[in-house]
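In what follows, a single structure is set out as C-alpha cells and then discussed.
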Amino acid sequence: MTEQSPAALWQDALASITDAMTRAARAPVKRSATRPYDPLALMRTMSDFAVGLGRNPQQLLDVQLQAAREWGDFWISAFLLQPDAEKPRDRRFASPEWQDNPYYRTIRDAYLLASKQIRSVAAVAEKGDAPNAAMIDFLVDQYLNAIAPTNFAMTNPEVVKRTLETGGANLAQGFAHLIEDVAEGKGIVRRRTTDAFEKGKTIAATPGSVVFQNHLFQLIQYDPATNDVAAEPLLYVPPLVNKFYMIDLQPKSSLVKWLVDQGRTVFVISWINPDESHRYCGVEQYVLDGIVEAIGQARQRAKAARIDLFSFCLGGTLVSVALAWLAAKGRADEINTATLIGSMVDFADMRDWAAFVHEAHLEALEGHLERQGFIDSTELQQLFAAVRSNDLIWSSVINHYLLDRDAPPSDLLYWFEDGARIPHAFLKSYNRGLLANNALKERSGFAVGGVEIDLSAVKTPIFLIALRDDHVSAWEAVYDGGKLFGGPVTFVLGGSGHNAGVINPPAANKHGFWTSDAAPDSAADWLAGAARNEGSWWPVWDAWLTAHGSGKRVTARRPADAIEPAPGSYVSITH
C-alpha cells in the first residue's frame with residue numbers, strides 16, 4: 001500500500017472531524033445525578049495541604065534552598081551541554097532524542113527535577129490521617145503526570161517528527177478521535193486497535209463446558225488434555241472487577257491451557273455481570289452462593305473429596321473469607337490447598353488506594369450506589385486508569401490524539417477493558433466491613449452467614465504469590481497478610497505488575513521470581529535473603545501442588561451435563 005501524501009491525509013482528517021462532530025451532535029448526553037466520589041473532599045484536601053505546609057516553615061525553607069542549589073547546578077550543566085551520566089529509567093522518555101538532543105534533554109531533565117522538588121514539598125506538609133495523606137500524594141502524582149512534556153505536541157520529539165511528516169494531519173485526525181471519545185460520554189481515552197479479539201475463538205478459547213450456573217456465576221469445566229489427571233481438581237476464583245479469562249488469554253499465554261496440559265482438572269468461576277436485580281448481593285452471597293456452592297459442585301463433578309483453590313486479587317480475599325467460614329463450620333477438609341495471587345487480607349497498607357477509603361468518598365459512593373444499584377464498569381475503569389494514568393491515560397492521549405496511531409493488539413488490555421459491574425451491597429459490605437475497618441486483621445466482627453471470620457482458624461496450606469511491581473496489591477502488604485493465617489504459608493514474589501506478572505508462561509522466560517524458606521517479620525528482610533530465579537513461577541507452583549497432593553492419578557475427567565460451551569454466556573453480558 002502506497003503512503004498517502006500530506007494533502008490526502010488532511011482530506012481524510014477533515015472528513016473524520018466532520019463525521020465525528022455529526023455523530024457527537026446526535027449522541028445523547030449521559031449525565032449521572034450523583035458521583036462515586038466527593039469533589040468537595042478533594043478541594044478540602046488541597047486546602048488542608050496548603051495549611052499543612054505553613055505548619056513546617058523551617059522544613060519548607062530547607063526544601064526551597066535545596067531547590068535553588070539544584071536549579072543552579074542544572075542550568076550550569078544545561079549551558080555546558082553536559083548530558084546526565086545515566087539515562088532516566090522512565091518509559092515516557094524512551095526515544096533517543098530525549099538523550100541525544102540538547103533541547104529535548106533539557107526539557108526532560110527540567111521536568112524530572114521539578115517533579116522531584118514538588119514531591120519534596122508535598123512531603124513537608126502535615127497531611128492528617130492516612131486517607132488524607134494518600135489523597136494528597138495521589139493528586140500530586142496526577143498533576144505531575146498530566147504536565148509531562150511527552151503529553152504536548154511541541155515538546156514531544158515523536159509528535160514533532162510525525163507532524164512534519166503528515167503536514168499536521170495527525171493532529172487533525174487526533175482531534176477527530178477526541179471528539180468521538182467526548183461524544184461517548186465515558187470519560188475514557190478509547191484504545192484504537194486494528195486487531196480485535198473474539199472470545200471463544202482467539203481469546204478465552206481453551207475447550208470446555210459450562211456445567212452449572214446460578215444467579216451469580218457459571219461454573220466452567222475444561223476438557224482434559226492428558227489420559228490421566230491429578231486426583232485433586234483445581235477451582236479458580238476470579239475478582240469481580242473483570243471477567244475470569246485473564247487466565248485464559250491467547251493459547252500461548254493461557255494459564256488454564258498450561259494447567260490442563262500439566263494433567264490437571266480445571267474448574268473456573270465466571271461471575272455474572274450484575275444488574276439492578278443483584279443490588280442486594282453482598283460479600284456473604286458471593287462467598288456462600290458463589291464460592292462455597294462452586295466448591296461443592298466441583299467436588300461432586302470431579303468425584304473428589306478435596307480440591308485445590310486458586311484465586312487472584314479480590315478473588316483471593318473472598319477465598320480467604322470462604323476458608324475461614326468452612327473452618328468454622330467444620331468443613332475445612334473439603335479444601336486441600338489454597339493459592340492466593342496478588343491478594344490482600346491485611347489492608348493497613350493500601351498505598352494510592354487508601355485515598356479512596358476516605359469517609360467523604362465512601363459516603364458519596366454509597367449514595368451513588370443507592371441510586372443505580374451498582375458501580376458501572378466504566379466508573380471502575382476510570383478509577384484504575386487514574387491510578388495508572390501514565391500507562392492507561394496519557395500513553396493513549398499521545399498515541400491517538402497526537403500521533404494518530406493505532407494501538408498494537410494486546411490480549412491483556414482487551415481483557416482489562418472488558419470490565420464488569422459490582423453490586424451495591426457487595427461494595428458497601430466490602431468497603432466498610434473489610435477495607436475501612438481492616439476487619440480480617442483486627443478481627444473486628446466481620447461475619448458471613450452468622451459466622452465471624454477468623455483467618456487464624458485457617459490451617460489449610462497456602463501458596464501466597466505477590467508481584468513486585470504490583471500497583472493494586474503492594475507486595476509488602478500481601479506478605480504481611482500471610483501472617484494472619486493459622487496454617488503453613490509458602491511465599492513467592494513474582495516479577496512485573498498486578499496483571500502481567502500473573503500471565504507469565506514458562507516458554508516466554510520473562511520476569512523472574514524470588515523464593516526463600518525464611519519467614520522474617522519484615523517483607524524487606526525476606527527480600528534481602530531471597531534468591532532470584534529466572535523465568536516463570538508457574539512450574540514452582542505446579543510442583544508445590546503436586547507435593548501437597550495425594551500423589552494419586554485418576555482417569556481424565558470430561559465435562560458432563562454441559563449447559564453450553566466455554567467460555568459461556570455470562571462472560572459476554574455487557575448490559
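By convention here, the first residue in the shown sequence is residue 1.
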Got a sec, which residues hit side chain to side chain donor-acceptor pair (under 3.5 Å) with T378, two or more places apart in sequence or on another chain? D376
Search all heavy atoms of [X] against all heavy atoms of [Y] and return the closest pair with its distance.
{"X": "P251", "Y": "T202", "value": "CD-O, 4.2 Å"}
{"X": "R557", "Y": "A231", "value": "NH2-O, 2.6 Å"}
{"X": "G419", "Y": "S377", "value": "C-CB, 3.6 Å"}
{"X": "L440", "Y": "L484", "value": "O-CD1, 4.0 Å"}
{"X": "P207", "Y": "Y222", "value": "O-CD2, 3.4 Å"}
{"X": "G342", "Y": "H498", "value": "O-CE1, 3.7 Å"}

Short side-chain to backbone donor-acceptor contact, [X] and [Y], under 3.5 Å:
{"X": "N437", "Y": "A439", "answer": "no"}
{"X": "T337", "Y": "L309", "answer": "no"}
{"X": "S572", "Y": "Y570", "answer": "no"}

Is it the case that the ring center of F384 lies less than 6.0 angstrom away from the ring center of H471? no
Taking the ring centre of each residue, are F347 and W353 less than 6.0 Å apart? no
Verify the neighbour count for atom [atom1] of [X]: are there more than 12 heavy atoms of other residues, nucleotides or ligands below 6.0 Å?
{"X": "K257", "atom1": "NZ", "value": "no"}
{"X": "K329", "atom1": "NZ", "value": "no"}
{"X": "K483", "atom1": "NZ", "value": "yes"}

If you measure from [atom1] on [X] to [atom2] on [Y], what distance do you get to the nearest 0.5 Å?
{"X": "F212", "Y": "Q300", "atom1": "CZ", "atom2": "CD", "result": "9.5 Å"}
{"X": "S429", "Y": "E284", "atom1": "OG", "atom2": "CD", "result": "9.0 Å"}
{"X": "T226", "Y": "R264", "atom1": "OG1", "atom2": "CZ", "result": "10.0 Å"}
{"X": "L455", "Y": "S320", "atom1": "CG", "atom2": "OG", "result": "6.0 Å"}
{"X": "I295", "Y": "I307", "atom1": "CD1", "atom2": "CD1", "result": "5.0 Å"}
{"X": "L216", "Y": "D289", "atom1": "CG", "atom2": "CG", "result": "6.0 Å"}

Can you list the steps and then say if D141 with R119 is a salt bridge (Lys or Arg N to Asp or Glu O under 4.0 Å)? CA-CA 9 Å; D141 285 342; R119 289 193 172 96; 3.0 Å; yes
Run the numbers on S550 and E232 for side chain to side chain donor-acceptor pair (under 3.5 Å), then give the verdict. CA-CA 8 Å; S550 64; E232 294 80 20; 2.8 Å; yes
Check the pair H548 / F463 against side chain to side chain contact (heavy atoms under 4.5 Å, CB included), numbers first and verdict last. CA-CA 11 Å; H548 286 77; F463 195 79; over 6 Å; no
One pair to check against side chain to side chain contact (heavy atoms under 4.5 Å, CB included): M344 and V478. What are the steps and the verdict? CA-CA 5 Å; M344 292 178 66; V478 174; 4.2 Å; yes
Exactly one of W544, W526, F485 should register a ring-ring contact (aromatic ring centres under 6.0 Å, His included) with F491. Which one does? W526
Under 6.0 Å from the ring centre and within 45 degrees of the ring axis: does the NZ or CZ of R468 meet both conditions for the six-membered ring of W514? yes
Inter- and intrachain pairs under salt bridge (Lys or Arg N to Asp or Glu O under 4.0 Å), touching residues 295-319, at least two apart: R299-E334
Quick one: list whatever passes salt bridge (Lys or Arg N to Asp or Glu O under 4.0 Å) with [X], sequence neighbours left out.
{"X": "D517", "result": "none"}
{"X": "R388", "result": "D391"}
{"X": "D275", "result": "none"}
{"X": "D228", "result": "R553"}

Report yes if some heavy atom in the side chain of [X] is under 4.5 Å from a heavy atom in the side chain of [Y]; otherwise report no.
{"X": "N499", "Y": "V472", "value": "no"}
{"X": "S473", "Y": "F312", "value": "no"}
{"X": "P224", "Y": "T265", "value": "no"}
{"X": "S569", "Y": "Q218", "value": "yes"}
{"X": "I393", "Y": "N145", "value": "no"}
{"X": "L288", "Y": "W325", "value": "yes"}
{"X": "V492", "Y": "W541", "value": "no"}
{"X": "Y479", "Y": "L527", "value": "no"}

ring-ring contact (aromatic ring centres under 6.0 Å, His included) between Y286 and W271, intermediate numbers included: CA-CA 9 Å; Y286 275 87; W271 298 115; 5.0 Å; yes
Could you point out which residue of [options] forms a side-chain contact (heavy atoms from CB on, under 4.5 Å) with [X]?
{"X": "D248", "options": "V266, I503, T206", "answer": "T206"}
{"X": "L326", "options": "I335, V451, V321", "answer": "I335"}
{"X": "V489", "options": "V458, T460, I462", "answer": "I462"}

Stepwise side chain to side chain contact (heavy atoms under 4.5 Å, CB included) check, I220 with V211: CA-CA 6 Å; I220 300 170; V211 294; over 6 Å; no
Is the closest basic N to carboxylate O distance between D480 and K441 below 4.0 Å? no
D333 bridged to R331 by N-O distance under 4.0 Å: no
Passes side chain to side chain donor-acceptor pair (under 3.5 Å), D418 versus N242? Steps please. CA-CA 7 Å; D418 188 18; N242 294 90; over 6 Å; no
F426 and Y430 aromatic ring geometry - parallel, tilted or perpendicular at 30°/60° bounds: parallel
Run the side chain to side chain donor-acceptor pair (under 3.5 Å) test on D469 and S496 for me, step by step, so that the C-alpha distance in whole Å, both residues' side-chain angles and the decisive distance to 0.1 Å come before the verdict. CA-CA 5 Å; D469 299 326; S496 194; 5.4 Å; no
CA sep, side-chain torsions, deciding dist, call: L392, L413, side chain to side chain contact (heavy atoms under 4.5 Å, CB included): CA-CA 9 Å; L392 299 176; L413 285 177; 4.1 Å; yes
